[in-house]
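All remarks here apply to the structure that follows.
The structure displayed is predicted, hence computed values, not measured ones.
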Amino acid sequence: YELWLKGSVGISQSGSWQVVDTVGIQTSYTFGGLNTLDSQYCTRIVAIDSCAANRSPFSTTHCAIQLSGNPGQKENHLNWTAYKGWDSTAAYYVSNKNPKNPGWQIIDTLNGTDTSYTHTGIPCNRPQHYQIEGKNDSGFTAFSDSITLTPFDTVAPDAPAINYVT
């Protein structure tokens, strides 16, 4: 099998396809040295006949979920690219971990067509880590890389009131 990979900076799909490796019959492969924080990657496979120069058509192209976000006023805004390669995505799970909760916790389940989420009501100046999991109707899952956002608070508190002095 020939393993093909296309990377792009950001969400723009501008990269070119390259053969990364040729392997025998195996059911999994790990691509190394990828910058998954800043780039989205797509992969496809070609089967090669070991006895002749015959080649199959390309497999369906699969593209990973690319997660990005921006901190906000006691909230964090997440955006991601839809997983590509399945007929449809059944759901996206938004997971979070923070210093008070070090393990990944699903904080919301979204429709498979949603590609944004706002996490509200979180304290300022505490880093929050996020990851998106996509799941299709057959139970296959795909994860984004994780990102860290730190919400802020720029609203000044109300002036204190003094009721009386004695």
Side-chain angles (χ1 to χ4, degrees), residues 1-72 75-98 101-120 122 127-149:
Y1 294 94
E2 277 183 350
L3 306 176
W4 290 69
L5 186 70
K6 178 172 85 165
S8 63
V9 176
I11 298 174
S12 69
Q13 293 291 324
S14 61
S16 59
W17 285 103
Q18 296 179 11
V19 176
V20 175
D21 204 351
T22 302
V23 299
I25 297 174
Q26 60 190 78
T27 59
S28 67
Y29 184 87
T30 301
F31 294 96
L34 304 180
N35 180 1
T36 58
L37 287 176
D38 294 331
S39 300
Q40 182 182 35
Y41 293 92
C42 298
T43 188
R44 62 187 183 185
I45 301 171
V46 172
I48 302 169
D49 185 335
S50 62
C51 296
N54 299 323
R55 299 168 59 85
S56 73
F58 283 110
S59 67
T60 301
T61 297
H62 285 260
C63 301
I65 300 166
Q66 176 69 30
L67 176 61
S68 62
N70 294 301
E75 62 187 22
N76 287 323
H77 307 279
L78 306 176
N79 296 293
W80 60 91
T81 59
Y83 184 86
K84 295 183 182 118
W86 296 330
D87 290 337
S88 66
T89 301
Y92 287 108
Y93 301 94
V94 181
S95 293
N96 170 256
K97 69 177 179 176
N98 59 59
N101 180 19
W104 287 107
Q105 300 292 320
I106 294 174
I107 57 173
D108 211 342
T109 301
L110 305 174
N111 185 301
T113 58
D114 292 337
T115 56
S116 65
Y117 178 77
T118 300
H119 187 194
T120 60
I122 49 180
Q128 305 286 317
H129 308 282
Y130 297 97
Q131 184 178 58
I132 303 297
E133 175 187 1
K135 191 171 194 176
N136 73 1
D137 290 326
S138 298
F140 291 107
T141 60
F143 291 88
S144 70
D145 203 343
S146 61
I147 62 169
T148 302
L149 300 173

Exercise answer: donor-acceptor pairs, residues 139-146 side-chain atoms, under 3.5 Å, sequence neighbours excluded:
| residue | atom | partner | partner atom | Å |
| --- | --- | --- | --- | --- |
| Ser144 | OG | Ile132 | N | 2.9 |
| Asp145 | OD2 | Thr36 | OG1 | 2.3 |

**Prompt:** How long is the gap from CG on Asn76 to CG on Asn70, to the nearest 0.5 Å?
**Reply:**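 One gets 9.0 Å once the value is rounded to the nearest 0.5 Å.
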**Message:** Working to the nearest 0.5 angstrom, can you tell me the gap between Tyr1 OH and Thr22 OG1?
**Reply:**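 It comes to 12.5 Å.
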What pairs with [X] under side-chain hydrogen bond (donor to acceptor under 3.5 Å, both in side chains), at least two apart in sequence or on another chain?
{"X": "His129", "answer": "Thr148"}
{"X": "Asn111", "answer": "Thr113"}
{"X": "Glu75", "answer": "His77"}
{"X": "Ser116", "answer": "none"}

**Prompt:** Any donor and acceptor pair, going by atom type alone, linking the side chain of Thr89 with main-chain N or O of Lys135 inside 3.5 Å?
**Reply:**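 Looks like no, no N/O pair under 3.5 Å.
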**Item:** Expected output: side-chain Gln40 to main-chain Ala64 donor-acceptor under 3.5 Å
**Value:**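 Present.
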**Request:** With sequence neighbours left out, write down each residue that passes ring-ring contact (aromatic ring centres under 6.0 Å, His included) with Tyr29, or none if nothing qualifies.
**Result:**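 Tyr29 satisfies ring-ring contact (aromatic ring centres under 6.0 Å, His included) with Phe31 only.
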**Residues in ring-ring contact (aromatic ring centres under 6.0 Å, His included) contact with Tyr83, at least two apart in sequence or another chain** =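 Only His62, Trp86 meet the ring-ring contact (aromatic ring centres under 6.0 Å, His included) criterion with Tyr83.
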**Asked** Going by the salt bridge (charged side-chain N to carboxylate O under 4.0 Å, His left out) test, which pairs reach into residues 42-69, not counting sequence neighbours?
**Response**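 Passing the test, one end in residues 42-69: Glu2-Arg55.
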**Item:** Sequence neighbours excluded - salt bridge (charged side-chain N to carboxylate O under 4.0 Å, His left out) pairs with any residue from residues 18-30
**Value:**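 Output for this query is empty, none listed.
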**Request:** Of all the heavy-atom pairs spanning Ala90 and Asp137, show the shortest one and how long it is.
**Result:**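 Reported closest heavy-atom pair: CB-OD1, 3.2 Å.
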**Contacts of type side chain to side chain contact (heavy atoms under 4.5 Å, CB included), residue Ile106, not counting sequence neighbours** =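 Tyr93, Ser95, Thr109.
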**Request:** Apply side-chain contact (heavy atoms from CB on, under 4.5 Å) to Ile107 and Tyr130, showing your working.
**Result:** CA-CA 10 Å; Ile107 57 173; Tyr130 297 97; 4.2 Å; yes
